[in-house]
Amino acid sequence: MLLSPRLTPETYKCLIDAARQDPEAFWLRESRRLQWMNAPTSAMDTGSGWFADGTLNVSVNCLDRHLETRGDHTALIWQGEDTGSVLRLTYRELHARVCAMGNVLRDSGVKRGDRVAIHLPGVVEGVIAMLACARIGAMHVVLFGGFSAEAIADRLADSGAVLVITANVGRRGAKRIPFKTTMDTALGLRPEALAVRRVLVVEVTWDEVPLQEGRDALLTPLLAAASTECEPEVMKATDPLFLLYTSGSTGKPKGIVHGTGGYLTWASFTHELIFDHQQGDVFWCTADIGWITGHTYVAYGPLANGGTLLLFEGMPSHPAPGRWWDVIQSHKVTTFYTSPTAVRALMSEGDEIPGRYNLSSLRVLGSVGEPINHEAWTWFHDVIGGGRCALVDTWWQTETGGAMISLVPGAVAPRPASATLPLPGVNPVLLDEKGQPLDGAVEGILCIDGSWPGRALSIWKDDALFQTTYLKPYPGHYFTGDGARRDADGYYWITGRVDDVINVSGHRIGSAEIEDALSEIHDISESAAIGIPHDLKGQGLIVYVVPHHGLSDTQLAALKDAVIKTIAAKVGRYAVPERVYLVPDIPKTRSGKSVRRLLRKIACGETEGFGDLSTLANPAIVADLIAVIGRN
Ligand code: WTA
């Protein structure tokens, strides 16, 4: 039987009003959803952070406090790639595993405040390691499985991680992804810049693992020997919980730092609200734990709320299309949260495949990471949700910690492809180019006024950059980097990034990240990376490259290949461009800035309507670029 949503439009309005009228009282009350060692006496951030005098431990909130009431309930279902491999852990079992891991980390010399890097495929040890770090007060730094060795080395160096948890391999269909070998390469790239003393290895398969004497150890025997009791650290609400790297419009990826009390309050509050979380739900968020969605809605939100989370090791259509639907059917998933890219890919397989499965357990569907187009929204809602499930399009970012603008089942009327309305306590504003707030139905730059419990604390080791990136562009507002349209009823439609971040399949890629990587190729004098609309991925990455003068035809022919290889090596395969154009120059303003607006239009095949080109330093280049695109 389908349960009805907990909220009605009326009860939700009370929540919104309460958050608006007395935010201090509202958030103090909401913080009581957590178990505090010392309950905070103040909520709002008046300079010393959210819930500043509260103390707590996140793993206690996600595990210990559920033991009495639901110790034997399933906390986690792991579905392996083989249909037959399923692991279920009750809260009691997960607690024991997390404690054992916490002890292994402590015994390996990890102390409160240290950073621990986690680089794992879709195995349970990822979530266990995150919670174990939280238990002993260490910060986790989860690294996306698709990062290259160079990208890993950069993040290990920046974070100063002292220990790494990785796997021998990851399974991807018949393929084996060499996690440990990639990590070894990363650790060997610039050892002098790294603080890693120990590498613990999860054996995902029986494949042989090369171990370096004195540094590496297999995890299983250590866990087996460890005690399953582990004293939790008492953390301040404002102590950092984790560091997560994300791409911005300038320079290298930045380590976004999230706190403890505010972040967990936000994760728990938003998870309950937007997914209408109820006892007995089986919650499946398909994100990799290497992204923020995997932090807040694979691990922390569901566990803080005593829910059951599902982890799937495999891919949507392996060994055959329909695999995801099979997982939903087998485990009676009630809540299914994924990305528009995945929805579009599944949609392209047709309606007949999902039609073979019983998806009647589903109650709430969710979308995140990029704007969802009307067609994908409708298909997801009608074909997968059978028209009876709420579809929550949740807009948020690594920096916001959790959802900010989203439908709330039962409480907010849907509009296809709209993220709908801000959550309680979230105050979005749309600004014009000059930073003036716009009223009513308009399109503008999306900023958020005031703070909210889940907001990131800072950028690791660079608070000045946090200020410059988010708080200074439009003084008095938090700058999101996104554009949005608002309709007459206050509904929001996110239009995409207004800065130089490209969103490919929900993965943030900075133009500067790509251009920096390419600056190392000897034969290139400059480059520009842009995103253009892509049917499946939302945006596709396009790179314009200016070769040095005087290169031979053979050298030119080799250049495109070098571009692809360099990006794969420096960033990761997920950032490999759709197309690479060799061009004589990049259109520039007189002050030397690449004019990306033009580059985007030309890459889309436009040949006219570029507006006034006389402000360019090199207007003649436009015709040359059009010719290059026309030839390719
Ligand atoms: C985009 C992912 C439209 C947006 C949680 C944002 C979205 C960036 C949506 C953050 C959505 C995320 N509709 N766009 N529902 N959700 N985005 O940090 O551009 O990986 O700024 O966090 O993804 O990506 P991030």
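Counting convention: from 1, in listed order, for ligands and their atoms alike. Residue indices begin at 1 and follow the sequence shown.
- Residue T398 touches ligand 1 through backbone and side chain together, judged by heavy-atom distances below 4.0 Å.
- Residue N503 has at least one heavy-atom neighbour below 4.0 Å for each of these atoms of ligand 1: 1 (C), 23 (O).
- Counting atoms of ligand 1 from 1 in the listed order, those under 4.0 Å from a heavy atom of T293 are 5 (C).
- The closest approach between A419 and ligand 1 stays at or above 4.0 Å for every heavy atom of the residue.
- Regarding atom 16 (N) of ligand 1, its nearest protein heavy-atom neighbour is G369 N, 3.1 Å.
- With values rounded to the nearest 0.5 angstrom, T260 atom OG1 is found 9.0 Å from M139 atom CE.
- Only the backbone of E370 comes within 4.0 Å of ligand 1, counting heavy atoms alone; no side-chain atom from C-beta on gets that close.
- Just one residue in the list Y263, Y478, W27 forms a ring pair (Phe, Tyr, Trp, His ring centres under 6.0 Å) with W452, and that residue is Y478.
- Across all non-hydrogen atoms, the minimal contact from F51 to P453 is CE1-CB, 4.1 Å.
- E515 and S527 form no side-chain donor-acceptor contact under 3.5 Å, judged by distance and modelled atom types alone.
- Summary of contacts: the protein heavy atom closest to atom 10 (C) of ligand 1 is W396 O, 3.6 Å.
- Using a non-hydrogen distance threshold of 4.0 Å, W291 does not register as a contact of ligand 1.
- Of the N and O atoms on the side chains of T265 and E30, not one donor lies less than 3.5 Å from an acceptor on the other residue.
- Residue R497 touches ligand 1 through its side chain alone, judged by heavy-atom distances below 4.0 Å.
- The residues R508 and E399 are annotated as salt-bridged, a charged nitrogen and a carboxylate oxygen being separated by less than 4.0 angstrom.
- Residue V368 has no N or O atom closer than 3.5 Å to an N or O atom of ligand 1.
- Exactly one residue among L310, L365, D281 makes a side chain to side chain contact (heavy atoms under 4.5 Å, CB included) with T335. That residue is D281.
- At the shortest separation from atom 6 (C) of ligand 1 among protein heavy atoms lies D482 OD2, 3.1 Å.
- Residue S367 places no N or O, backbone or side chain, under 3.5 Å from any N or O of ligand 1.
- In this structure, the protein non-hydrogen atom closest to atom 24 (O) of ligand 1 is R508 CD, 3.3 Å.
- Near T394, meaning under 4.0 Å from one of its heavy atoms, ligand 1 places the atoms 9 (C), 11 (C), 15 (N), 16 (N).
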Between H119 and F147, is a ring-ring contact (aromatic ring centres under 6.0 Å, His included) present by the stated rule, with each step listed? CA-CA 9 Å; H119 185 238; F147 284 149; 7.7 Å; no

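- For the pair R33 and F269, the NZ or CZ position fails the cation-pi test of under 6.0 Å to the six-membered ring centre and within 45 degrees of the ring normal.
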